[in-house]
Amino acid sequence: MPATIQDVARAAGVSVGTVSRAMNNYTDVSAKTRERILQAAQRLGYSPNVMARNLSSKHLKNIALILSGAMEEEMFNHFDIMLMRGCFEFASKKGLDISIHTIDAKIQREKSYEQLCYEYNLAGAVLMGLKVTEPYYCESLAKCKQPCVLIDLEPVGEYVSTVTIDHVAAFDEMTQYLIDKGHRKIVLVAGRKNAMVTMERLAGAYQAMERNGLCLTGDHIIYTDFLKQEAYCGVRRYFESHPPDSVTAFLCMSDMLAIGTIDALKSKGYRVPRDYSVTGYDGLELTTYTDPRITTIDQNIQQKGYEAAKLLFEMLEGRRAQRLVLPYTLRKRASVRNINRAE
């Protein structure tokens with residue numbers, strides 16, 4: 001059986017990522033370490049594949065979108081598609097080769113981010129859908145020296161950038177908008193509990209409610225995995241244990257959750273916004289075609305993807321990692337009723 005890069009790493013007493021960087025002539029590997037690695041490779045009869053041996057300026061054009069958990073959920077959701085459009089737009093503009101790979105927690109435990117990049121001949125990647133509980137975010141990225149860009153997560157290493165919006169401020173503004181329209185009985189249709197964006201948006205809702213002397217209790221929060229069907233079922237279950245007058249508005253953490261909520265309300269014979277108001281979050285194009293058109297926070301998702309690819313490109317050219325916060329817009333549409341006045 002031919003020797004592998006793992007065999008070389010063990011023989012040289014270094015990580016797989018260090019072997020990869022040494023063979024790709026990264027300047028952060030000392031001459032002494034590189035020599036030890038090359039001697040181990042020669043002794044074991046190891047030689048990288050043709051693609052890896054030919055790494056040069058062409059390698060610096062090979063980037064990827066790596067989607068975590070995509071196979072566990074709908075493939076692909078509207079948010080991911082808009083992000084990918086933005087990434088491909090920048091890649092096309094710069095003549096970059098861009099590929100798509102999917103991973104899960106098992107893959108993350110078996111191989112580091114650097115090893116993944118080595119195997120796929122990548123200079124760096126934009127990581128989408130990564131959870132704060134997953135191995136890459138908890139361990140791998142803090143140690144790696146292979147550039148990467150995260151979406152809506154805090155940077156965890158020297159070579160990790162992120163693109164996000166101020167989710168706390170955005171959800172605070174949306175919550176305040178509902179309150180200004182007279183809604184004081186609000187049910188929150190949230191995302192998954194371990195998602196950073198869920199925690200940030202929840203903080204924004206609490207912030208606005210506390211400022212207005214309101215209280216958001218646990219029985220008025222419906223948690224989901226950001227899936228439309230879960231919002232549909234969760235809203236229907238809510239009315240099984242709460243009277244109709246316990247809520248006037250549903251504050252949703254995504255546009256798909258808002259669509260699921262509206263479907264649930266209509267299935268029970270309620271009208272939006274006549275009986276209940278509903279808000280979304282993301283700014284998906286399809287919210288302009290729903291009945292009614294959904295009030296939402298427009299993240300400009302495609303621009304977020306564009307800026308993520310641009311950040312990665314700049315890091316590959318030697319710029320330092322950074323945290324980029326993009327602007328957002330509150331789109332006021334027909335799904336919210338003003339109950340301060342009789343209509």
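Computed from heavy atoms alone, side chains included, the values below leave out hydrogens, waters and symmetry copies.
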Flag if over 12 foreign heavy atoms under 6.0 Å of NZ, Lys332
no
Lys181: which residues meet the salt bridge (charged side-chain N to carboxylate O under 4.0 Å, His left out) condition with it, sequence neighbours left out?
none
What one should report as the nearest heavy-atom pair of Ile221 and Ala190 is CG2-CB, 4.2 Å
Rounded to the nearest 0.5 Å, what separates atom CG in Leu202 from atom CD in Gln207?
11.5 Å
For Ala334 and Thr295 the tightest heavy-atom approach is N-OG1, 4.4 Å
If we only count heavy atoms from C-beta on, is the Lys304 to Ile165 side-chain gap below 4.5 Å?
yes
Determine whether more than 12 heavy atoms belonging to other residues, nucleotides or ligands lie under 6.0 Å from atom NZ of Lys310.
no
Looking only at non-hydrogen atoms, find the nearest pair between Pro147 and Ala123 and report the distance.
CD-O, 3.6 Å
Exercise: do Ser140 and Gln108 side chains pair donor with acceptor under 3.5 Å:
no
Quick one: does Thr290's side chain have a donor or acceptor within less than 3.5 Å of a partner on Pro292's backbone?
yes
Would you check if Cys148 and Leu141 make a side-chain contact, meaning some heavy-atom pair closer than 4.5 Å?
yes
Check: Val247 and His242 side chains under 4.5 Å, non-hydrogen atoms
no
Checking side-chain polar atoms at under 3.5 Å, does Arg333 have a donor or acceptor matched by the opposite partner on Thr287?
yes
Determine, step by step, whether Tyr281 and His167 satisfy the side chain to side chain donor-acceptor pair (under 3.5 Å) criterion, reporting the C-alpha distance in whole Å, the side-chain angles of both residues, the deciding distance to 0.1 Å, and the verdict.
CA-CA 10 Å; Tyr281 194 102; His167 293 286; 2.8 Å; yes
Around atom CD of Glu285, are there more than 12 heavy atoms from other residues, nucleotides or ligands closer than 6.0 Å?
no
Min side-chain heavy-atom separation Thr164-Leu326 under 4.5 Å:
no
Should Asp172 and Arg211 be marked as a salt bridge (charged side-chain N to carboxylate O under 4.0 Å, His left out) after you check the CA-CA gap, both sets of side-chain angles, and the distance that decides it?
CA-CA 10 Å; Asp172 181 310; Arg211 187 171 59 246; 2.7 Å; yes
Hydrophobic clusters here meaning ILVMFWY residues chained together by side-chain heavy-atom distances under 4.5 Å, can you tell me if Phe313 and Leu324 are in one?
yes
Side chains of Leu127 and Val160: closer than 4.5 Å at any heavy-atom pair?
no
Test salt bridge (charged side-chain N to carboxylate O under 4.0 Å, His left out) on Lys185 and Asp245; report intermediate values, then the result.
CA-CA 9 Å; Lys185 299 176 182 178; Asp245 62 356; 5.2 Å; no
Heavy atoms from other residues, nucleotides or ligands near CZ of Arg319 exceed 12 (cutoff 6.0 Å)
no
Could you tell me which non-hydrogen atom of Asn212 sits nearest to which non-hydrogen atom of Arg184, and how far apart they are?
O-NH2, 3.3 Å
Once the angle between the rings of His220 and Tyr238 is folded into 0 to 90°, is it parallel (under 30°), tilted (30 to 60°) or perpendicular (over 60°)?
perpendicular
Run Lys266 and Asp263 through salt bridge (charged side-chain N to carboxylate O under 4.0 Å, His left out) and show every step you take.
CA-CA 5 Å; Lys266 288 183 176 180; Asp263 287 347; 5.8 Å; no
Are Glu154 and Val132 close enough that some pair of their side-chain heavy atoms sits under 4.5 Å apart?
no
Using 0.5 Å steps for rounding, measure from the CE atom of Met209 to the CG atom of Leu178.
8.0 Å
Parallel, tilted or perpendicular, as decided by the 30° and 60° cut-offs, for the rings of Phe239 and Tyr270
tilted
Taking the side chain as every heavy atom from C-beta outward, state whether Thr33 and Ile37 have any pair of such atoms under 4.5 Å apart.
yes
Shortest non-hydrogen contact between Ala321 and Glu158, atoms and distance:
CB-O, 3.4 Å
So does Glu240 pair up with Arg236, basic N to acidic O under 4.0 Å?
no
Within-4.5 Å side-chain heavy-atom neighbours: Phe171 and Leu251:
yes
CA sep, side-chain torsions, deciding dist, call: Lys106, Glu110, salt bridge (charged side-chain N to carboxylate O under 4.0 Å, His left out):
CA-CA 6 Å; Lys106 181 176 182 293; Glu110 292 174 347; 2.5 Å; yes
Ignoring hydrogens and geometry, is there a side-chain-to-backbone donor-acceptor pair from Asn338 to Asn340 under 3.5 Å?
yes
For Glu114, is there an ion pair with Lys145 - N to carboxylate O distance below 4.0 angstrom?
no
For Thr133, the side chain to side chain donor-acceptor pair (under 3.5 Å) test, sequence neighbours excluded, returns Asn194
Is the number of heavy atoms from other residues, nucleotides or ligands within 6.0 Å of CD (Gln6) greater than 12?
yes
Applying ring-ring contact (aromatic ring centres under 6.0 Å, His included) to Tyr113 and not counting sequence neighbours gives none
